[in-house]
Amino acid sequence: DSGVTQTPKHLITATGQRVTLRCSPRSGDLSVYWYQQSLDQGLQFLIQYYNGEERAKGNILERFSAQQFPDLHSELNLSSLELGDSALYFCASSLTGGNEKLFFGSGTQLSVL
Amino acid sequence: KNQVEQSPQSLIILEGKNCTLQCNYTVSPFSNLRWYKQDTGRGPVSLTIMTFSENTKSNGRYTATLDADTKQSSLHITASQLSDSASYICSGGGADGLTFGKGTHLIIQP
């Protein structure tokens, strides 16, 4: 068990809808990362937060947004969903967001029908 | 554009044998090279992290090497076990975060 909790584990929705994925980092970790994993693309970095502030942005679509709350949990919001958004979404956390170990959650499997 | 290429795509070996997985990276500026193990349906688990000044790092039966000149890394698994069956993912760390390879799918047969 990595100590990173993601909910829900599975999400099935329709095109055009909006969903929210939730992540609780390991106790004491200040940095949260979001990744998308699809079969053909591998893991893609979406966005990183550190202590409530956005620190780095990767290949995140404008339809996607995220935030980290004062209690350090994070939410990833996906809107106007398309079939191509179907993927595994992982959250990871680390202590300070530097060159240190990342701890991944078990992911949320999103299926857009 | 930052890229990480892994080979082979998939590999089948017998239990008890050794194997080596390869990773070529083009990441700039380069800060670290990581190897992860990912079981089916689970999140990746960190195996090793190396900075540009490190040549080798071990974690039990896993040994990673890094050649910063040729931008190549390898992961050597010794005396494989059935539980080593998984995907092994390499990632290069740069200023814009981690760039991941697509992984090598390793199957250990009894």
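In the text below, chain A, chain B and the rest are named by the order of the sequence lines, each starting its count at 1.
- Both A:Leu78 and A:Val112 belong to a single network of hydrophobic side chains, linked directly or stepwise wherever heavy atoms of I, L, V, M, F, W or Y lie under 4.5 Å apart.
- Between B:Gln38 and A:Phe90, the shortest heavy-atom distance links the atoms NE2-CZ, 3.4 Å.
- Residues A:Phe45 and A:Tyr50 do not share a hydrophobic cluster, clusters being chains of Ile/Leu/Val/Met/Phe/Trp/Tyr side chains in contact below 4.5 Å.
- A:Leu72 and A:Phe104 are members of different hydrophobic clusters when ILVMFWY side chains are connected at heavy-atom separations under 4.5 Å.
- Of the atoms belonging to A:Tyr35, it is side-chain heavy atoms, and not backbone ones, that fall under 4.5 Å from chain B.
- Annotation: A:Arg55, atom CZ; neighbour count of heavy atoms from other residues, nucleotides and ligands within 6.0 Å is above 12.
- A 4.5 Å side-chain heavy-atom check between A:Leu43 and B:Pro44 finds at least one atom pair inside the cut-off.
- Once rounded to the nearest 0.5 Å, the distance linking CZ of B:Arg42 with CG of A:Leu88 reads 12.0 Å.
- The environment of A:Leu95 atom CG is dense: over 12 non-hydrogen atoms of other residues, nucleotides or ligands sit within 6.0 angstrom.
- At most 12 heavy atoms of other shown residues, nucleotides or ligands fall within 6.0 angstrom of atom CG in A:Leu39.
- For A:Ser2, no part lies near chain B; criterion is any non-hydrogen pair under 4.5 Å.
- Inter-residue side-chain proximity for B:Leu98 and A:Leu102 is flagged as met; some heavy-atom pair is nearer than 4.5 Å.
- Checked by atom type and distance alone, the side chain of B:Arg34 pairs as donor or acceptor with a backbone atom of A:Glu100 at under 3.5 Å.
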